[in-house]
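Encoded as structure tokens, the structure appears first; notes follow it.
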Amino acid sequence: MSDDGRRPPPGLEDIRLHDTRRRRLVPLEPLVPGHVGIYTCGPTVYAPQTLGNMRSQLYPDLLRRVLRAAGLDVLHVVNITDVGHLTDDASAGDDKMEEAARRTGQSAAEIAAHWTQQWLTDRRRLACCEPDVLPRAADHIPEQIALVRTLEAKGHTYVIDDGVYFDVATFDRYAEFAGLDLDELEATGRVENVDAKRHPADFALWKRTPPGVRRQQEWDSPWGRGFPGWHIECSAMSTRYLGTRFDIHTGGVDHIRVHHTNEVAQSESAYDVHPWVSIWLHNEFLELGSVKISKSKGHVLVVDSLVERGIEPLAFRYFFFQAHYRQQQAFSFEAVEAAGTALRRLVHHAVVAREAVGGDPTGGDPGRCDPRRRSFWSALADDLNAPRALTVVWDVIRGAELTAADRWSLLADFDRALGFGLAEATDPEAATAAGSDPRVDGLLAEREAARRTRDFTTADRIRDDLAAEGIEVVDTPAGPTWRRR
RNA sequence: GGCGGCGUGGCCGAGUGGCUCAGGCAAGGGACUGCAAAUCCCUCUACGCGGGUUCGAUUCCCGCCGCCGCCUCCA
């Protein structure tokens with residue numbers, strides 16, 4: 001799986017990433033040399049995951065690909081939240097899964113299974129590598145209870161009717177991670193929402209099921225029947241698979257303030273570690289703009305929204321690469337279509353080069369290839385600067401001095417990060433071979449006859465008719481060919 | 001209100017104190033074609049506004065305007 005034993009390609013010797021905690025670029029220094037653990041906040045599976053959500057899957061995928069290309073042994077954990085994610089922080093808030101079950105009449109388990117599958121399918125359609133571990137919160141209840149007990153034993157919790165809460169006053173660094181002002185937070189007047197909580201920022205570790213209520217998802221615990229709070233699952237599951245300290249934690253910017261702040265508080269309090277996570281990565285949002293309007297009509301923007309418009313999912317992957325992950329990116333169908341056009345051309349040129357050298361990626365002149373290899377990988381080593389990496393791709397495609405061997409050796413190498421599947425791709429511009437459809441062959445022969453007699457009216461009519469059914473006629477010196485559009 | 005970010009050519013978007021400052025898409029011109037398509041070549045348009053620092057700012061500083069995000073669940 002990994003590129004063990006390989007030297008990193010030129011430009012990828014020193015990887016720097018933007019750490020949210022330190023608010024600057026920092027060098028990647030794995031806790032265990034040669035190995036990197038990544039924890040990615042995955043979906044809460046009560047609803048479809050939007051294209052915006054998928055952005056926070058795409059950049060960890062790019063990250064893991066880059067790290068593997070660098071010769072590191074990567075363990076990528078992506079969690080599935082199938083319990084405990086509250087609709088609201090107040091005691092009135094309910095579990096999202098439970099609420100979805102009530103709303104749809106399906107069981108929480110059915111809902112979770114369905115949306116988990118949909119999400120995995122969408123990930124694959126965007127060419128994201130399968131996670132190495134895909135832990136589900138509901139499968140890790142004992143770990144979560146154990147962690148709450150540890151926190152309780154160390155005096156970081158208190159119990160109220162509603163459940164067990166983390167006492168942020170017991171963790172000095174609470175405000176540090178997100179640059180919070182706790183006094184300010186206290187003064188903002190959310191007090192009426194927090195009931196018996198000692199501080200507005202205190203958060204649920206375990207929620208008790210009220211007397212007389214029966215939940216679909218509930219477990220016995222030292223604090224009574226109930227379910228775990230949302231934040232505790234990430235601390236518990238990351239520890240289970242990556243240890244009490246690990247290298248990289250990813251998520252969306254929206255998580256910095258609450259979710260990740262709380263994860264840090266729990267984990268550093270329970271394990272007496274600091275920093276718990278070496279590097280925190282957060283992606284900015286996809287800017288939906290006017291598309292938001294359609295969301296209120298009940299249409300959410302998902303991978304299938306693209307497919308319905310005839311846009312292939314991989315176009316969105318290319319679109320994602322066009323902007324830096326820490327920058328908001330303006331979404332529009334037109335922009336993704338444009339990305340799709342660019343990708344189609346990219347694949348075309350890659351396949352032409354690949355065929356020309358019989359698929360052998362080991363050719364290429366070092367004098368011409370190495371500088372470009374360095375440019376590409378050093379762009380990605382610089383906090384995953386995919387837009388800059390793409391410019392190298394186009395330089396490789398357009399560069400007149402490059403041979404097919406140069407091109408394919410470079411593009412095959414680059415595709416380890418890009419993930420467009422260039423080694424297996426078929427040429428999107430390729431013509432369909434004669435003989436594959438007798439009817440089309442017949443029409444083309446008819447058209448050729450018309451062309452020979454310079455009866456272009458007839459010839460063009462035949463071409464137009466074929467175009468109307470999605471068949472594009474392509475004339476070549478060797479005769480006409482065609483392809484479906 | 002607090003915190004953070006952003007405003008670049010028709011669109012999406014990199015980047016930089018000066019060196020012809022990306023790349024893609026679109027558009028225009030040319031080659032090729034009977035005409036197209038695809039491909040190739042060429043071209044165009046830029047750094048929100050006002051000050052300041054500087055020999056020189058799109059890039060640094062200040063102010064203003066506009067946009068977005070987080071602060072409640074959210075990727």
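Labels below follow one simple rule: chain letters A, B, ... track the order of the sequence lines, proteins then strands, and each chain is numbered from 1.
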Quick one: the side chain of A:R388 and the base of B:A22, do they pair up donor-acceptor inside 3.5 Å?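 Counting by modelled atom types and ignoring angles, no donor-acceptor contact under 3.5 Å is found here.
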Donor-acceptor pair (no angle test) under 3.5 Å: A:R257 side chain, B:C3 base: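 When only heavy-atom distances are counted, A:R257 does not reach the base of B:C3 through any donor-acceptor pair under 3.5 Å.
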What integer distance in Å separates [X]:[atom1] from [N]:[atom2]?
X: A:H259; N: B:U72; atom1: NE2; atom2: P; result: 16 Å
X: A:L466; N: B:C35; atom1: CG; atom2: P; result: 20 Å
X: A:Y325; N: B:G69; atom1: OH; atom2: P; result: 21 Å
X: A:D254; N: B:C73; atom1: CG; atom2: P; result: 11 Å

Along RNA chain B (nearest heavy atom to each residue), the more 5'-positioned of A:A342 and A:A335: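 Between the two, 5'-proximity favours A:A335.
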For A:I397 and for A:L390, locate the closest nucleotide of RNA chain B by heavy-atom distance; then report the residue assigned to the nucleotide nearer the 5' terminus.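 Going by which nucleotide is closer to the 5' end, it is A:L390.
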Under 6.0 Å from the six-membered ring centre of A:F177 and within 45° of its axis: does the NZ or CZ of A:R21 meet both?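 A:R21 over A:F177 ring: no.
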A:R123 to A:W119 six-membered ring, cation-pi geometry met (6.0 Å, 45°):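 Positive - A:R123 is close enough to the ring of A:W119 and near enough to its axis.
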Please tell me which of the listed nucleotides, [options], lies nearest to the side chain of [X]?
X: A:R398; options: B:G24, B:A75, B:C12; result: B:G24
X: A:R451; options: B:A14, B:G34, B:A37; result: B:G34
X: A:Q328; options: B:C12, B:C35, B:G4; result: B:G4
X: A:L286; options: B:U39, B:A75, B:G23; result: B:A75
X: A:N53; options: B:A37, B:A75, B:A26; result: B:A75
X: A:D475; options: B:C40, B:C35, B:A26; result: B:C35

Stacked pair A:F456-B:G34, distance under 5.5 Å, angle under 30°: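 Yes.
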State whether a side-chain donor-acceptor pair under 3.5 Å links [X] with [Y].
X: A:Q57; Y: A:D61; answer: no
X: A:H249; Y: A:E263; answer: yes
X: A:Y59; Y: A:H282; answer: no

